[in-house]
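As the structure lists them, so they are numbered: ligands from 1, and atoms in each ligand from 1. When a residue number appears, it is its place in the shown sequence, counting from 1.
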Amino acid sequence: MLAGKRILIVIGGGIAAYKVLEVIRRLKERGAEVRVILTRSGKEFVTPMTVGALSGEKVFSDLFDPTEEQDIGHIVLSRDTDLILVAPATANLIARMANGIADELATASLLAAAAPIIVCPAMNQRMWAHPATQRNAAQLAADGVRFIGPAEGRMAERNEAGVGRLSEPMDIVAGVEAFFAEATQPKPLAGRHVLVTSGPTIEPIDPVRFITNRSSGKQGHAIAAAAARAGARVTLISGPVSVPNPRGVDVVHVETAREMLDAVFAALPADAAVMAAAVSDWRPAEVAGEKIKKAAGAPPPLSFLENPDILATLGHDNRRPKLVVGFAAETTDVESNAARKLVSKGADYIIANDVSAASGVFGGDSNSVYVLSSAGVEAWPTLAKEEVADRLIGLIAKRLG
Ligand code: C5P
């Protein structure tokens, strides 16, 4: 799996730097070509001599060394590689990466990188837990950087323990192997654009109150992630949810059904659309400009207007994607209600699930669905929402050819 893979390792200045020597050995054993850049402070923890002996390559460190820049240069160093591994990634190095600071060869190379980056954090648990570090790590994740660790355990400092340790060398090697395994998976949706809606919508009553529903967004987000893994360009249009944005997906955040409708049509053309959002069927007829005051004994009346049906609008539009998939959350007569929706909404598939309280679907991690199409009904076993997503994406890939 790693044979011939070119891996650039950036070693930061942390006490765990010595463990990365083991990572270099194990990657080399598996046939990878390893080159190393030491940060300035990395050199305080491991010597270029040791690293060079293990990697069998010249070790780079100084941005302003004219021979090094002529030799290869930071642009080439970061381009001519299949993966960049940053280990140990100190709080300081993570902060510089998150802010695009290129103040030495290591950070300049990371900023110039075209290859995917995996960061292995290593620092005192308090530094890892600090909001500044968490913010920087979240920024890197949003930029598409992956993480291995940090692990939990004892710190270099006496009597200190927590989350912040560098992952064990073999866990880092396993993470690198998993990365390449995923990268070589078939991409049946390459070149396709898939649109996914997810989460609830919220409909304001006044500036502080709204009505909504119990959708967590887990299923829709899992579908977007699965489509991205299958190689599609994915636009995910999401109502307010607490699940994180999936990796490699363009996310458009909306609140109301009408905003979601606009975002869906703005994202066209698409090859397939999966409408997994739980769109509010109604919205308050009037939205008060100011907070509605509580008056004793006189709760305000609420009247509602119907929201646009996004799925039905798209299903019957002439810009309709080739494949349109809807969901049907039912608490009774799941199959027959879903069959009716297949026709009324102009969908190619309806994925019907039972969301009665006993099913535990809302907010839960698994789902039992029926898949309805003009060809009939198929009942899938109870599966993790990720597996439902993978199966559905498989179905879509097959139908799109
Ligand atoms: O009619 P019902 O709400 O059961 O239909 C569910 C399907 O229709 C889901 O795919 C949902 O995303 C979609 N829907 C929609 N716009 C609405 C209501 C539902 O797109 N206003």
Using residues 273-281 as the side-chain source, report each donor-acceptor pair under 3.5 Å to any protein atom, sequence neighbours left out, with the distance given to one decimal.
from, atom 1, to, atom 2, distance (Å)
S280, OG, T201, O, 3.2
S280, OG, T201, OG1, 2.7

Residues in contact with ligand 1, criterion: heavy atom under 4.0 Å: M275, A277, V279, D281, P308, D309, I310, L311, G326, F327, K341, K345

Test salt bridge (charged side-chain N to carboxylate O under 4.0 Å, His left out) applied to K345 - qualifying residues, sequence neighbours left out: D309

NZ/NE/NH1/NH2 to OD/OE distance under 4.0 Å, R283 and E306: no

Side chain to side chain donor-acceptor pair (under 3.5 Å): pairs with one or both residues in residues 387-401, sequence neighbours excluded: R229-D390, Y349-R399

Straight-line distance of L8 CG to L83 CG, nearest 0.5 Å: 9.0 Å

Side-chain donor/acceptor of N99 to backbone N/O of I101, under 3.5 Å: no

